[in-house]
Amino acid sequence: MSDPLLSIRDLAVSFPTEEGVAQAVEGVSLELGAGEVLALVGESGCGKSVSALSVLGLEPGSAQVSGSACYGSAELIGASAEDLARIRGAEIAMVFQDPLSALNPVVRVGDQIAEQIAAHGDAGRSEARERAVELLRRVGIPQPEDRARAYPHELSGGMRQRVMIAMAISCSPRVLIADEPTTALDVTVQAQILDLIRELRDETGAGVLLVTHDLGVVAELADRVAVMYAGRIVEQGTVDEIFEDPQHPYTWGLLGAIPRLDRPRPARLPAVAGAPPALASKPTGCHFRPRCPHAFEQCVEVPPLAHRGGGADQVDRCWLAADAKRELREVDGQFGLAGAAEAR
């Protein structure tokens, strides 16, 4: 990729706890280009949201952050509060996971959008409010003049999410970080939100970092995918490469757990056996080793993220040979993890 909008290199985030240092993110490297949707996927607690928040300096105060996150020539990790304030909202915007807690409950939603417009431009109060109403209309909120005078609790979950998107695009950012933008929404509203993000990407050419655990959303919207487990990127490639030729056992388990409408209904959905490791006491070597039925002696060493099969742009962290992967990932005629169906 030439001249990425956002380039993350060896990002690491840790937190002190009573049990020891919890390493939430370990050496994450990503690049996001203009007009591209990059999906960061994995189970809850794998470090997706922490990675996104750390890029904008929004991690909790106790966090220790290292590595690099460059927006153009600007280094974001360790940047001053003043420099980050100029970039947040104006150049890099974020749609937070829970709009009800992200929005100020005692300020009308139109005023919250207008406040951001005024903070990053020279618009007066009246002009900023007019633009806020127009943004609400643009994201598909009916009767935007009335909705602009509403408080967050007076809106439905789908409308609050649209308000968050309106606020995020109010200053035409070049990078949009969407953290679980469809969580807790019904499928109809989910489809509308995804269509809206796609339209905004096409209109503005912004790069979108999509944080999610929903592989259906990934298949619908993403161009590239980075699969994350226990703080590490374990596989990365184009959306076609990941869904058609997955290389890491964890990815097989995620794909195998998706309900299939073209197959008989199983007695129970398969699940990846076990649970993610505690962040303060991760296993040595491959973090997925205790849950992987295909682990062997070499897995006690940390596998580097490298091309070991699959597509030209596909890299993974698994010591298994490419031929062995193609054989082992087939479970009952589809991608899956051997023994996952018996997990309790």
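Note that this is a predicted model, so its numbers are computed, not measured.
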Among V41, L254, V225, the one residue meeting side chain to side chain contact (heavy atoms under 4.5 Å, CB included) with I242: V225
Verify same cluster id: L84, I8 (apolar side-chain graph, 4.5 Å): yes
Salt-bridge present (K325, D316; N to O < 4.0 Å): yes
E241 atom CD: more than 12 heavy-atom contacts under 6.0 Å: yes
Expected output: side-chain R317 to main-chain I233 donor-acceptor under 3.5 Å: yes
Same apolar cluster (I L V M F W Y, side chains within < 4.5 Å links), L279/V211: no
F288 side chain near H248 side chain, heavy-atom distance below 4.5 Å: yes
Shared hydrophobic cluster, L196 / V133 (ILVMFWY, side-chain heavy atoms < 4.5 Å): no
Single-linkage hydrophobic cluster, 4.5 Å side-chain cutoff, I77 and V55 together: yes
Identified salt bridge (Lys or Arg N to Asp or Glu O under 4.0 Å) counterpart of D111 within the set R149, R129, R125: R129
Nearest-0.5 Å distance that lies between atom CG in L5 and atom CG in L32: 6.0 Å
Closest contact, heavy atoms only, D179 versus M94: CB-CE, 4.0 Å
